[in-house]
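We're numbering straight along the sequence, starting at 1.
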Amino acid sequence: MTSHVKKWMNGVFAFLLLQSLGCATSQSPQAGSSPEFPQSFTVQVTNPLNRERESVFVLINEADLQKSHRRFNEQAFAVYDGTAEVPSQYNAKDTFNKGITLVLDNLKAGETRNLTVRFNENGTNKRTYPKRTQAELSKKVGGRWENRKYIGGTFQNIDSLRVPSELTDHSYYLRYEGPGWESDKVGYRFYLDWRNGVDVFGKKTNVMVLKQVGLDGYDSYHNQQPWGMDILKVGKALGVGSLAMFDNGKAVRVEKTDSTYSKITQNGDVYSSILTDYYGWQVAGLKLNVHSQLSIHAGTRLTRHQMRLENGQPQNISTGLIKDKAAKLVTSKGEAGKRYGYIATYGPQTLNNPPDNVGIAVLFKSQDLLEITEDPLNHVVQLKPANGQAEYYFLAAWELEPNGIKTEAEFHQYLNRVAEELANPVQVKLSK
């Protein structure tokens, strides 16, 4: 064999060897063969809609994980889309949505995305991602109760609270008067006293802001701040999405209870939730226990309200929207498997001066609908509980958000997209 032929063959061999090593290197992350996370499995996420969807919430259910991958370690894992790590978290304390949660920026029409979950069976390896959701509860310490007002003290964030008997509206005990939760789109709070009404914090920024709200007193957030403001008037009404029961022609909020206990179940980077247990809710001749969870995920305006009911079978669970003469009402009964029903209003109905445009809405499964009605203060939707549970969603869209919805037509288009997506959730399938 001539020397130039030998050189050519050696070159070919070297080229093939490098190609082989290169392929192995590029494929090894996909296979999950890393020292940090030596074990892996795949998850298929499919968009059943014939159009693109954004900020896609994915839940890999804890029960499915335990069934298919018993050695999975929730303390040491990461999720990958190809070689890109996807921000995720494990909801261990959540009441209704236990498991791995993550948010995909988008899914194309009919697309199936193959994700890889890599994990280590041993140890702890906590990941840190940009914080896009938050839930918190803050009370005063170091002061004293006097005539149902809390005098003095400083605010301290807490994980849970059994509501003291002294607490009423404007007791100056809880920072912004109750728990708060937010995404990078919008913030919410509810009054953890006899009112139990949901209010809205409009945001002019995508960063988390709740920790700075109300620290300098109770009135500042009613005026526009660099981060945004409290934009909705609630008063004696339902605000947006407050829990109630329709009785004798009126939506009755959770006003009379034996005791109330609220806790932050998840305060995560991509998902946060708050659980409130109402014991002995006195309404319509009943005395119910209600376990009420509010949750939000990154990239959405939607709050999901899931609840479990005990000690009785109520004729309805109701919710709704405050009436405002400046806001136009639209309703839809929805269609099972195609789109959720909703009630919504849009118009200049904020507390800003002059008022800005905001759209507020409640969305529900069409098969749960009993009646869309009203009372003097509210637009009301009555829903039928099933198997001791009930569920609905609510949202607010303020025109001053970054890239906010500016017109009534845009709001209705957005609302119809959301209604369709809720009725057609992504399909999640684990590999064996």
Can you tell if the side chain of [X] reaches within under 4.5 Å of the side chain of [Y], non-hydrogen atoms only?
X: Gln224; Y: Leu400; result: yes
X: Ser292; Y: Tyr278; result: yes
X: Phe246; Y: Leu370; result: no
X: Asn120; Y: Pro38; result: yes
X: Leu395; Y: Tyr188; result: yes
X: Val428; Y: Ile60; result: yes
X: Pro314; Y: Pro385; result: yes
X: Tyr221; Y: Met229; result: no

Apply side chain to side chain contact (heavy atoms under 4.5 Å, CB included) to Ile264 and Ile274, showing your working. CA-CA 5 Å; Ile264 307 302; Ile274 301 165; 3.8 Å; yes
Is the backbone of [Y] close enough, under 3.5 Å, to the side chain of [X] for a donor and an acceptor to pair up by distance?
X: Arg148; Y: Leu167; value: yes
X: Lys139; Y: Gln156; value: no
X: Asn378; Y: Leu238; value: yes
X: Thr46; Y: Thr112; value: no
X: Ser295; Y: Ser273; value: no
X: Gln89; Y: Val270; value: yes
X: Thr300; Y: Leu302; value: yes
X: Gln39; Y: Phe37; value: no
X: Ser318; Y: Ala244; value: no
X: Thr133; Y: Tyr271; value: yes

Any idea which heavy atoms bring [X] and [Y] closest together, and the distance?
X: Ala326; Y: Pro348; answer: O-CD, 3.3 Å
X: Phe364; Y: Ser332; answer: CZ-O, 3.7 Å
X: Ala397; Y: Ile405; answer: CB-CD1, 4.0 Å
X: Phe77; Y: Ser88; answer: CE1-OG, 3.5 Å
X: Gln306; Y: Phe96; answer: NE2-CB, 3.4 Å
X: Asp375; Y: Ala251; answer: OD2-N, 2.9 Å

Taking atom [atom1] of [X] as the centre, does the number of heavy atoms from other residues, nucleotides or ligands within less than 6.0 Å exceed 12?
X: Gln282; atom1: CD; value: yes
X: Lys233; atom1: NZ; value: no
X: Asp105; atom1: CG; value: no
X: Lys333; atom1: NZ; value: no

Distance from [X] atom [atom1] to [Y] atom [atom2], nearest 0.5 Å?
X: Asn73; Y: Asn122; atom1: CG; atom2: CG; answer: 7.0 Å
X: Ile360; Y: Leu415; atom1: CD1; atom2: CG; answer: 11.5 Å
X: Asn47; Y: Gln427; atom1: CG; atom2: CD; answer: 8.5 Å
X: Lys384; Y: Ile317; atom1: NZ; atom2: CD1; answer: 11.5 Å
X: Leu210; Y: Leu137; atom1: CG; atom2: CG; answer: 11.5 Å
X: Thr42; Y: Leu430; atom1: OG1; atom2: CG; answer: 8.0 Å

Run the side chain to side chain contact (heavy atoms under 4.5 Å, CB included) check on Tyr191 and Asp169 step by step: do they pass? CA-CA 8 Å; Tyr191 306 116; Asp169 57 290; over 6 Å; no
Please determine, by modelled atom types, if [X] and [Y] share a side-chain donor-acceptor pair under 3.5 angstrom.
X: Tyr150; Y: Glu166; value: no
X: Thr303; Y: Trp181; value: yes
X: Ser262; Y: Thr276; value: yes
X: Tyr176; Y: Asp230; value: no
X: Tyr346; Y: Glu410; value: no
X: Asp94; Y: Gln293; value: yes
X: Asn267; Y: Lys93; value: no
X: Tyr392; Y: Asp368; value: no
X: Asn157; Y: Arg175; value: yes

side-chain hydrogen bond (donor to acceptor under 3.5 Å, both in side chains) with Gln75: which residues, sequence neighbours excluded?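 Gln75 satisfies side-chain hydrogen bond (donor to acceptor under 3.5 Å, both in side chains) with Lys126 once adjacent residues are dropped.
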What residue among Ile343, Val381, Leu422 forms side-chain contact (heavy atoms from CB on, under 4.5 Å) with Leu363?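 Considering Ile343, Val381, Leu422, a side-chain contact (heavy atoms from CB on, under 4.5 Å) with Leu363 is found only for Leu422.
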Sort out for me which residue in His297, Glu62, Arg304 forms a side-chain contact (heavy atoms from CB on, under 4.5 Å) with Asn97.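 Checked His297, Glu62, Arg304 against Asn97; only one passes side-chain contact (heavy atoms from CB on, under 4.5 Å): Arg304.
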Hey, are Arg127 and Glu36 close enough for a salt bridge, meaning a charged N less than 4.0 Å from a carboxylate O?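 Judged by the 4.0 Å cut-off on N to carboxylate O distance, Arg127 and Glu36 do form a salt bridge.
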Would you call Lys338 and Glu335 a salt bridge, using N to O less than 4.0 angstrom?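 Result for this pair is yes, salt bridge flagged.
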By the salt bridge (Lys or Arg N to Asp or Glu O under 4.0 Å) test, which pairs, at least two apart or in different chains, include something from residues 248-264?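 Residue pairs with at least one partner in residues 248-264: Asp258-Lys287.
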I need the full list of salt bridge (Lys or Arg N to Asp or Glu O under 4.0 Å) pairs touching residues 192-211, with sequence neighbours left out, sorted by first then second residue.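 Qualifying pairs, neighbours excluded: Glu177-Arg195, Glu182-Lys203, Arg189-Asp199, Asp193-Arg195.
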Would His69 and Val117 count as a side chain to side chain contact (heavy atoms under 4.5 Å, CB included) if you check the C-alpha gap in whole Å, the side-chain angles of each, and the deciding distance to 0.1 Å? CA-CA 11 Å; His69 302 281; Val117 179; over 6 Å; no
Test side chain to side chain contact (heavy atoms under 4.5 Å, CB included) applied to Val186 and Trp398, step by step: CA-CA 8 Å; Val186 66; Trp398 187 32; over 6 Å; no
Option among Phe72, Tyr90, Tyr80 that satisfies the ring-ring contact (aromatic ring centres under 6.0 Å, His included) test with Phe119: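 Result for ring-ring contact (aromatic ring centres under 6.0 Å, His included) with Phe119: Phe72.
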